[in-house]
Amino acid sequence: MKVLVIGSGGREHAIAWKLAQSEKVAKVYVAPGNGGTATEAKCENTPVSLGDPAAEAGLIGFVQRTGIALTVVGPEVPLAEGIVDRFRAAGLAIAGPGKQAAMLEASKVFSKSFMRKYGVRTAGSENFTDPSQALKYAQAHFGGKNAAAPDPLVIKADGLAAGKGVVIAADIAEAESCLTAFMKDGSLGAAGYSVVLEEFLEGKEVSVLAAVSVRPGSKGVIKPFVSARDHKRRFDGGQGPNTGGMGSIAPVPDFSAAAQQDFDAAILQPTLRGMEAEGMDYRGFIFFGLMVKDDRCSLLEYNVRLGDPETQAVLPLMDFDFADLCAAILDGTLAAFPLNWKSGAVCAPVAVAEGYPGSYRKGDPITLDEMTLAKTGARIFIAGAQRDEGAAGPGLRTAGGRVLAASAWGVDADQAWTRAYQALGTVSFAGMAYRKDIGRE
Ligand code: AMP
Ligand code: GLY
């Protein structure tokens, strides 16, 4: 069969690669794809400008004409804009939540209300649309009983903000300037006019990606994948500014059996009951962003898709056919679908362009020592790079902040780490930078 992956990042390269492993899959189209999916076996890029209704209608036409049997959506923006509803209305099979369910990621106010309503364990919070009320709450927080050493206050813009919507304010000055920027100056556009003010939680973060099959009127299923961890700060030791993710590992060694049980009881099961009670049509993937302390999990956020870069570490551990999994999600047989995992671990550090996460260099040629790379057994998933048919012959050039990930399997986390960094050592481009402590922070 032919399949389509929507998106252009490292996650989509990993999804396209995993789908291409399936004997049933003859061809993987990627819209728009990147310089990695352009040359991946069985894959072909299809230009499309997402977010443009005419372009989406064109894509639906392409899927129908080409006889594509399954579409998988990578990023959140098309999901939040309702691409799944429109594909289904056209009679097409697509993995992802409908527009209503996508609100679990697209609106923090909606998702926090959902968590409260269904008893999903999460940080205490209040929603605000009035900037002066929000400021008053922040003042009370910083002037309250722990005024000498107050906890930070977590400020979350309601809407999608491409990773820029969460600020951890250490004092009232920082809180005030953030609230003014979000709620009055419109620094995030409409996404910041409503905010959630949330209690600060301590602990270690864990990402649980999962397959979801929930349809109105029938019993739903959520099946978690092996755990993963993203490393969001730019520099080693968790220092520096937040990024889209500097690398990932799977599984997470410190996510104990007790913590997994707690996650199931306090977060997964109430989420599933809530989805059923709300009559959601959610047939796709979900991402639980957890804070874990002493084996007790709290939910920081839902993402209504697979995580990036967690996908680049989790998919190589799947010992099953990803196209079959998608079919089970869509046809309601997920409960009986066995999720078998390879033993060992994957480490996937990300190489970024100089300057990232600020403004960064672009257009630098990437060289790769394929022979040495092959010896590491690692795989390069391209995120921000394009193919260039330049005079010196075709090659890759950097085109984004996060350029690529080296995803390596090992018998254990240490071997995966060693192989991943050997693999990164085979890659070079001007200004290339990466963290050395992925999986060891
Ligand atoms: P979110 O988009 O809600 O996951 O927030 C982005 C990042 O902010 C998370 O990955 C955490 O590192 C941090 N964060 C969010 N909420 C909290 C919280 N309540 N306490 C501490 N850190 C948080
Ligand atoms: N790794 C976090 C995300 O995908 O949003």
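First listed ligand is number 1; within each ligand, the first listed atom is number 1.
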(message) Can you report which non-hydrogen protein atom sits closest to atom 17 (C) of ligand 1, along with the distance?
(response) L300 CD2, 3.5 Å
(message) Heavy-atom count check: over 12 atoms from other residues, nucleotides or ligands less than 6.0 Å from Q133 CD?
(response) yes
(message) If we set the cut-off at 4.0 Å for heavy atoms, which region of E310 has an atom near ligand 2: side chain, backbone, both, or neither?
(response) side chain
(request) Provide the number and element of each atom of ligand 2 under 4.0 Å from a heavy atom of G307. (result) 4 (O)
(request) Give a yes-or-no answer on whether the side chains of Q312 and D308 include a donor-acceptor pair shorter than 3.5 Å. (result) yes
(request) Mind telling me whether F225 and F320 have parallel, tilted or perpendicular rings, with 30° and 60° as the class edges? (result) tilted
(message) Considering non-hydrogen atoms of the protein only, which is the closest contact for atom 5 (O) of ligand 1, and what is the distance?
(response) V166 CG2, 3.4 Å
(message) Students should be able to answer this: which protein heavy-atom is nearest to atom 9 (C) of ligand 1, and at what distance?
(response) E205 OE1, 3.5 Å
(request) Measure the distance from atom 2 (C) of ligand 2 to every protein heavy atom, then report the residue, atom name and distance (to 0.1 Å) of the closest one. (result) K232 NZ, 3.6 Å
(request) Out of V154, V167, T122, D151, indicate the one that has the non-hydrogen atom closest to atom 18 (C) of ligand 1. (result) V154
(message) Could you check whether E441 pairs with R233 (Lys NZ or Arg NE/NH1/NH2 to Asp/Glu carboxylate O, under 4.0 Å)?
(response) no
(request) Indicate the ring-plane relationship of F110 and F114, choosing parallel, tilted or perpendicular according to the 30° and 60° boundaries. (result) parallel
(request) Measure up the F285 and F322 rings against each other and bin them: parallel (under 30°), tilted (30 to 60°), perpendicular (over 60°). (result) parallel
(message) Need the ligand 1 atom indices (1-based, order shown) with element for anything under 4.0 Å from a heavy-atom of F200.
(response) 20 (N), 21 (C)
(request) Note the single closest protein heavy atom to atom 5 (O) of ligand 2, along with its residue, its atom name and the distance in Å. (result) R305 NH2, 2.9 Å
(message) For atom 21 (C) of ligand 1, what's the nearest protein heavy-atom neighbour? Residue, atom name and distance, please.
(response) L201 O, 3.3 Å
(request) Would you tell me whether T271 and Y302 have side-chain atoms, one donor and one acceptor, within less than 3.5 Å of each other? (result) yes
(message) I want to know if ligand 1 touches K108 in the polar sense, i.e. an N/O pair below 3.5 angstrom.
(response) yes
(request) Please report which non-hydrogen protein atom sits nearest to atom 3 (O) of ligand 1, along with the residue it belongs to and the distance in Å to one decimal place. (result) K156 NZ, 2.9 Å
(message) Side chains of Q21 and D321: any donor to acceptor distance under 3.5 Å?
(response) no
(request) Please report the closest heavy-atom contact between Q269 and A265, naming both atoms and the distance. (result) CB-O, 4.4 Å
(message) Could you identify the single nearest non-hydrogen protein atom to atom 19 (N) of ligand 1 and state the distance to 0.1 Å?
(response) E198 OE2, 2.7 Å
(request) Run the salt-bridge test on E301 and K156 with the 4.0 Å N-O cut-off and return the result as yes or no. (result) no
(request) Starting from atom 13 (C) of ligand 1, find the nearest protein heavy-atom neighbour and note its residue, name and distance. (result) I168 CD1, 3.9 Å
(message) Give me the nearest non-hydrogen protein atom to atom 2 (O) of ligand 1 as residue plus atom name, then the distance to 0.1 Å.
(response) E301 OE1, 3.0 Å
(message) Is it the case that ligand 2 has an N or O less than 3.5 angstrom from some N or O of D230?
(response) yes
(request) Would you mind running through ligand 2 and noting each atom that sits below 4.0 Å from a heavy atom of N303? (result) 3 (C), 5 (O)
(message) Under 3.5 Å, is there a donor on one side chain and an acceptor on the other for D230 and S207?
(response) no
(message) Please list, in number order, the atoms of ligand 1 under 4.0 Å from a heavy atom of M291.
(response) 21 (C), 22 (N)
